[in-house]
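A quick note: this is a predicted structure, and the numbers were derived from the prediction, not measured. We name chains A, B, ... by the order of the sequence lines, and we start the count at 1 in each one.
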Protein chains: 2
Amino acid sequence: MTGSRADGTPQRPTLEQVAALAGVGRGTASRVINGSPAVAPQTRDAVMKAVAELGYVPNQAARSLVTRRTGAIALVISEPEERLFSEPFFAGVVRGISRVMDEHGRQLVLVLVHGAAERTDEPAAYLSPQHVDGALLLSQHEGDDLPQRLRDRGLTLVHGGRPPGDEQASWVDVDNVGGARGAAAHLLARGRTTVATIAGPPDMQAGRDRLQGYREALAAAGIPDSPDLVSVGDFTELGGWRAMRRLLEQRSDLDAVFVASDPMALGALRALREAGRTVPGDVAVVGFDDSPMAAVSDPPLTTVNQPVERLGREMAEMLLASLTESEAAESRSVVLPTSLVQRGSS
Amino acid sequence: MTGSRADGTPQRPTLEQVAALAGVGRGTASRVINGSPAVAPQTRDAVMKAVAELGYVPNQAARSLVTRRTGAIALVISEPEERLFSEPFFAGVVRGISRVMDEHGRQLVLVLVHGAAERTDEPAAYLSPQHVDGALLLSQHEGDDLPQRLRDRGLTLVHGGRPPGDEQASWVDVDNVGGARGAAAHLLARGRTTVATIAGPPDMQAGRDRLQGYREALAAAGIPDSPDLVSVGDFTELGGWRAMRRLLEQRSDLDAVFVASDPMALGALRALREAGRTVPGDVAVVGFDDSPMAAVSDPPLTTVNQPVERLGREMAEMLLASLTESEAAESRSVVLPTSLVQRGSS
DNA sequence: TTGAAAGCGCTAACAC
DNA sequence: GTGTTAGCGCTTTCAA
C-alpha cells in the first residue's frame, strides 16, 4: 500500500520504498530502473516486482535535478505565420511529433510565440536547457533571431522547413521545389501550353521554393521565362483572387495556373468563375497543400500533398538523435517527397 | 559573469550565487524571488539587483522537488475526435490556453491520446500530480473513463465541452443550444416555413445540443415536431451530403436547412446543387462553426461562430483558479455565447 | 526580519 | 554486482 497525505492525495512511492521492498540498496534499484546492464538478473527481477507492486513512477523533478536533463522537448510555433499554414498542416505535424515523443517517453511542451511585444524575453526565459532538452521550431520568421538565441543558450534545435541562410541549422522540409515542379509538369503533360503561376510571398522559403519548381518545369519543357505569367499572392484566398485577376489582365491567353497554396487556388477559382472562364475547360488549376477545402471545392482541386505527419515524425526523431549522439555539432537535413493528388480541376 | 562547463554550455547561476552577490542568506533570497512580504525593502532591492545582474532563472526541477507542484498544465486531446473538430477550433483553443499560461508563467504540456492500444497506461503514467498540476481535457470520448482515472490520482481537471452525465466535473462550453436555436430562428424570421436540420452524431454532446436548439426554435414558433425534417450526419462533408439527399427524398418541400457543422453544410450545398435546387433561392442553409471554408464556399455560408480562443482562455483560467483556491471541491461551469455570421446562403 | 539547516527523490561516484 | 554517500537547487521550518 502506498501512504496518503492528509488531503487524501495518494502519496507516490519513492525509490527508497521500492529498494526496501526488494531488499536492495537505493543505488541498485536506480540501476534497474535505468536499465543498467551491471545488475544480476535475480536482483533485477526483485526490483521490477517491487516496482509493479508499488506502482512506482520515477519523480522527474528529482531526476532532472541530478541529471540536468529534463525529458522534455519544446515545440515552438511563431504565431503570425501559424495562420498562414493550412491548419491540417499544423495538426498533422503535431500528431507526428507527439507520436515520437510518446514512443520515447518524453514530454512535449507547447510554446506559442506571439507578437513582438512579449517576444522580448518571455518565451526566452523558459526555453533553456534548464527546462527543456531541445526544441522543435515551426514556422520561424525570416530574419528572426530566436533560433540563434536559443542555440546560444545551449539548446539543440531542429527546424520544420528549411531556414534560409543558416548553414549550421538542422532541419526537415517537404520537397516544395519538386512538388511545384511536378504540378507544373503535370499541366504541361496534359497539353496546356500557357501555364501561369500564382506564387507565395517571396519572403517565405516555401513561397520561393514553389516558384522555383514551377520555373524548373517550364525550363525543362523548353519554355522561356515570362514575367507576366507570374503573379504573387500572400497565401490567402483573397490574395489568390487578386493575383488571378492580374494574371487574367496580363495574359488572357493562359490556359493553366499552378497556385502555390490551396486557399489561393480557391480564390483563383472564384476569379476565373467571375471572369466567365470554365475550369478545367478553359483554364486548368493545380493547388498546393491538399487541404480539406481542396477536396470539397467546385470543381475539386488537384493539389500537391505534403506528408505532414511524417514531417513531424522526422523532426522529432532528428532532434532526439542529435540529443543522443556524443557530439551534436553535425547539422542534418531531410527533404520529404510530396505527391500530386489529381482531382477535377486539371 | 556566469560560469561555464567544459562543453561550453553556459552554467546557469543558482540561488546561492544570487544570495552571495546580494550579501544575504539563501533563504532570504528565496523569499524575495517568491514575493514573500516579510522582507525589508532594501534587502529585496539588493536581491532583485543580483537577480538581474546574474540573469538568474529559478530551476523548476529543484523547486518542484520541494513544493510538489510542477508549474505545468497538461492539455489532453483525444485523437479520434480531434479530426471531427474543425481545425480552426483546435488551433484557436490552444492559442487561448497558451496565452493564459504565458501570463501566469506556466508551461503547457501537450498530450495526444491515441487509440485504445496505447491507452492502457501510457498517458496515464505521465498524467499525475507528480508531473503536472492539472489538466485541460479537449474532446473526450463519451464513456471514456480517463477523466475519472485522472481525478482519482488527485489531478484537478477542466473539460472543454460539457461532459455528459458528470455532475462533479468543471467545464467550459460554447452555447451550442443557443447558437442552434438562433440559427433556426433566423431561418424562420426570414420567412422560411419548412426548416429541416442535419444533426450531428447523437453520441456527441455538441450534436445533441445543436439538435435541441433547433427544436426549441421550432417549438417557440409553434411548429410541431416532424421527424422527417431531421437527418443525422457524422460532422463530415460526405455525411452532410448523404443526409441532405435523405431529407430531399423525405421532404421535397423543405425550404431551409440548419446544418450542425460547416463541413456537413458544404456537403448539403453540394447535394442541393446536384438536385437542381438553388441556394438560397429554393433552400436557405445555415451551418455551424464558422470555419474558413464557410467564407469561401459558393454561396458563402451563413454560420454560427464560436468564440474558440475565449473558450481556451476560460478553460485555462478556470483551471488555474481551481488550483489556487483552498478547496477545489467546488465544480464550476461556464457557457460562452455564440453568434450568427450572415452570408449569402440564407 | 533574517540566517542556518534539513531535506524533497534521485543519480552517479566510490568503495567494497 | 551492490551498498553507501554526496550532492543536484530549492523551499521552509526553526531559532535567533
Side-chain angles (χ1 to χ4, degrees), chain A residues 2-3 5 9-48 50-51 54-71 105 125 128-131 133, chain B residues 2-3 5 9-48 50-51 54-72 105 128-131 133:
Chain A
T2 63
R5 289 182 282 177
T9 307
Q11 181 79 284
R12 304 299 315 175
T14 70
L15 188 57
E16 181 81 52
Q17 298 172 41
V18 171
L21 181 59
V24 303
R26 206 166 66 238
T28 301
S30 174
R31 280 174 207 119
V32 174
I33 302 293
N34 294 290
S36 161
V39 173
Q42 61 184 42
T43 310
R44 173 189 314 287
D45 292 345
V47 173
M48 302 280 256
V51 166
L54 259 29
Y56 171 78
V57 178
N59 182 313
Q60 183 60 47
R63 189 177 262 179
S64 297
L65 194 52
V66 41
T67 61
R68 295 165 168 295
R69 273 173 286 107
T70 67
S128 80
Q130 203 172 130
H131 299 115
D133 296 337
Chain B
T2 63
R5 288 181 284 180
T9 306
Q11 182 78 284
R12 306 297 317 177
T14 69
L15 189 56
E16 181 81 52
Q17 299 172 41
V18 172
L21 182 59
V24 303
R26 204 163 71 236
T28 301
S30 174
R31 280 174 207 119
V32 173
I33 303 293
N34 295 290
S36 161
V39 174
Q42 61 183 39
T43 310
R44 174 189 315 285
D45 292 345
V47 175
M48 302 279 257
V51 166
L54 260 27
Y56 171 78
V57 178
N59 181 314
Q60 185 59 50
R63 189 176 261 181
S64 297
L65 194 53
V66 39
T67 62
R68 293 166 171 297
R69 273 174 286 107
T70 66
S128 79
Q130 202 170 133
H131 299 116
D133 295 338

*Do the non-hydrogen side-chain atoms of B:Asn34 and B:Arg63 ever get within less than 4.5 Å of each other?*
yes
*Heavy atoms under 4.0 Å is the rule here; annotate nucleotides 6-13 of chain D 5' to 3' with B where the base is hit, S where only the sugar-phosphate is, and - elsewhere.*
BBBBBBBB
_Contact check, side chains of A:Ile33 and A:Pro58, non-hydrogen atoms, under 4.5 Å_ = yes
*What is the nucleic acid contact for B:Thr43, judged by heavy atoms within less than 4.0 Å: base, sugar-phosphate only, or nothing?*
sugar-phosphate
*What is the distance from atom CZ of A:Arg12 to atom CG of A:Asn59, rounded to the nearest 0.5 Å?*
10.5 Å
*Quick check: does any side chain N or O of A:Thr70 sit under 3.5 Å from a backbone N or O of A:Ser64, one acting as donor and the other as acceptor?*
no
*With a non-hydrogen cut-off below 4.0 angstrom, is A:Ala38 in contact with a base, only sugar-phosphate, or nothing?*
base
*Can you spot which of A:Asp45, A:Val39, A:Val51, A:Val24 makes a side chain to side chain contact (heavy atoms under 4.5 Å, CB included) with A:Val32?*
A:Val39
